[in-house]
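In the text below, chain A, chain B and the rest are named by the order of the sequence lines, each starting its count at 1.
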There are 2 protein chains.
Amino acid sequence: MAETSRTDSQSNALPAGLEDNLGWLLAQCFRAHMIAAETAVADLPHGARGYLALCGAATCSARNQAELAKQLGVDRTVMVYLVDDLEKAGLVERLPDPADRRSRLIRATVAGVERLNAAQHAISAAESALLATLGQDEQRQLREMLHRIAASQVLGPAAPCPNAGPGADPCSS
Amino acid sequence: MAETSRTDSQSNALPAGLEDNLGWLLAQCFRAHMIAAETAVADLPHGARGYLALCGAATCSARNQAELAKQLGVDRTVMVYLVDDLEKAGLVERLPDPADRRSRLIRATVAGVERLNAAQHAISAAESALLATLGQDEQRQLREMLHRIAASQVLGPAAPCPNAGPGADPCSS
DNA sequence: TATTGTTATACTCTATAACTATA
DNA sequence: TATAGTTATAGAGTATAACAATA
């Protein structure tokens with residue numbers, strides 16, 4: 001009925017009605033981040049997904065392969081190929097779980113941690129451009145709020161990491 | 001180098017090193033939102049993607065089909081099926097562009113706007129749970145910051161909408 | 001009986017190429 | 001020549017089902 005006044009400044013404006021659409025905004029920002037980080041993760045086995053799996057392995061975010069799959073939102077059958085290729089590349093390793101002989105502990109190797117650090121360094125540079133419209137405090141706020149949302153959704157349990165074995169601890173870097 | 005002190009409270013905590021990983025956080029929040037809104041968009045032709053396409057059509061975010069494809073990050077060949085099915089469902093319509101006979105204007109029908117409003121209503125309820133850990137001011141801040149990031153990335157041009165034809169204006173609801 | 005990891009198979013989704021019509 | 005839209009085909013990606021080992 002009433003015509004929306006579209007006389008506001010058109011510079012840098014999203015179409016009316018989308019600036020409050022959280023689903024749209026998250027999709028746009030997520031995709032923008034993927035595009036920005038694309039080259040940084042291009043040499044990793046499965047691109048962005050391989051990077052996230054490596055992140056999970058290096059930070060011991062999951063107890064075993066199935067849990068990591070849940071965290072990444074992929075099928076456990078897909079996780080096999082994912083870990084297979086990361087393992088072939090020498091970035092992660094499958095260790096037997098002393099507590100459960102069925103499951104495998106996915107741990108980042110030293111080379112994997114190094115590659116991860118390199119990737120994260122490149123991603124940081126890309127993120128600077130992505131977050132250029134935000135101040136330093138706002139960037140911290142954004143991360144903190146996203147973290148609070150992610151933590152409230154128990155997509156993957158935040159259990160203490162049992163991967164700390166006799167070898168080098170990849171979580172300490 | 002310096003060992004990060006890991007003595008902070010483990011309640012609701014993501015594994016160390018992930019709480020600052022913007023890529024991880026965006027992926028988690030985006031997926032959490034998709035899962036939360038899943039049932040609300042389940043009856044739309046292509047689920048979440050169909051919902052976003054309908055959002056774009058209703059808000060006239062893109063000039064034509066190709067531009068909408070760019071905004072959604074899908075191939076233009078995929079866009080054909082997407083719009084096809086939305087059109088079959090009577091949610092959008094392809095209109096000839098008076099300025100360019102090659103392109104088609106994708107406009108939401110009245111039924112499409114109604115379905116969109118219903119979906120957005122259901123999604124709002126789901127978002128309340130998703131954002132429960134944030135205060136009202138924080139939720140506004142989050143949307144505003146995401147909006148600023150999305151607007152700074154010119155994934156799709158924010159051009160004035162030429163869809164306002166002789167028929168009912170779907171952008172006014 | 002349920003779960004972890006694995007494999008093979010079938011399915012869905014996506015992209016490449018080619019075509020028509022317009023610019 | 002370049003672009004918008006479409007179609008058909010081939011490829012990549014994904015899930016389903018079945019299996020062995022273990023809880």
Length of the line joining [X]:[atom1] and [N]:[atom2], which is rounded to integer Å:
X: A:Arg63; N: C:dG5; atom1: CZ; atom2: C1'; answer: 14 Å
X: B:Leu68; N: D:dA4; atom1: CG; atom2: P; answer: 13 Å
X: B:Asp84; N: C:dC13; atom1: CG; atom2: C1'; answer: 16 Å
X: B:Lys70; N: D:dG5; atom1: NZ; atom2: P; answer: 10 Å
X: B:Asp85; N: D:dT6; atom1: CG; atom2: P; answer: 12 Å
X: A:Asn64; N: C:dT6; atom1: CG; atom2: C1'; answer: 14 Å

If every non-hydrogen atom of [X] is compared with every non-hydrogen atom of [Y], which pair is closest and at what distance?
X: A:Trp24; Y: B:Leu52; answer: CZ3-O, 3.4 Å
X: A:Ala53; Y: A:Met79; answer: CB-CE, 4.5 Å
X: A:Leu54; Y: A:Leu91; answer: CD1-O, 3.9 Å
X: A:Glu138; Y: A:Thr133; answer: OE1-O, 4.2 Å
X: A:Gln71; Y: A:Ser61; answer: OE1-OG, 2.5 Å

Sub-4.0 Å heavy-atom contacts from residues 39-49 of chain B onto DNA chain D, ordered by number: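 Close to the strand, none.
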DNA chain D contacts made by residues 72-83 of chain A, counting heavy atoms under 4.0 Å: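 Output list: A:Asp75, A:Arg76, A:Thr77, A:Val78.
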Sugar-phosphate only, base, or nothing, as touched by A:Asp97 at under 4.0 Å among non-hydrogen atoms: nothing
Distance-only donor-acceptor check, side chains B:Glu93 and B:Thr109, under 3.5 Å: no
Criterion salt bridge (charged side-chain N to carboxylate O under 4.0 Å, His left out) on A:Arg148 and A:Glu144, from CA distance to verdict: CA-CA 6 Å; A:Arg148 232 188 300 162; A:Glu144 196 275 326; 2.7 Å; yes
Filtered N/O pairs between nucleotides 20-23 of chain C and protein, under 3.5 Å:
unit_1	atom_1	unit_2	atom_2	d
C:dA23	OP1	B:Arg101	N	3.2

Shared hydrophobic cluster for A:Val80 and A:Leu95 (ILVMFWY, side-chain gaps under 4.5 Å):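 In one cluster: no.
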Joint hydrophobic cluster, A:Val74 plus A:Leu68, side-chain heavy atoms closer than 4.5 Å: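 In one cluster: yes.
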From CA spacing to verdict: side chain to side chain donor-acceptor pair (under 3.5 Å), B:Arg94, B:Gln65: CA-CA 9 Å; B:Arg94 281 185 244 238; B:Gln65 198 170 306; 3.0 Å; yes
C:dT6 OP1/OP2 closer than 4.0 Å to side-chain N/O of A:Arg94: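 Yes, because at least one side-chain N or O of A:Arg94 sits under 4.0 Å from OP1 or OP2 of C:dT6.
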Heavy-atom donor-acceptor pair, B:Arg115 side chain to B:Asp43 backbone, under 3.5 Å: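 Here the side-chain-to-backbone pair exists.
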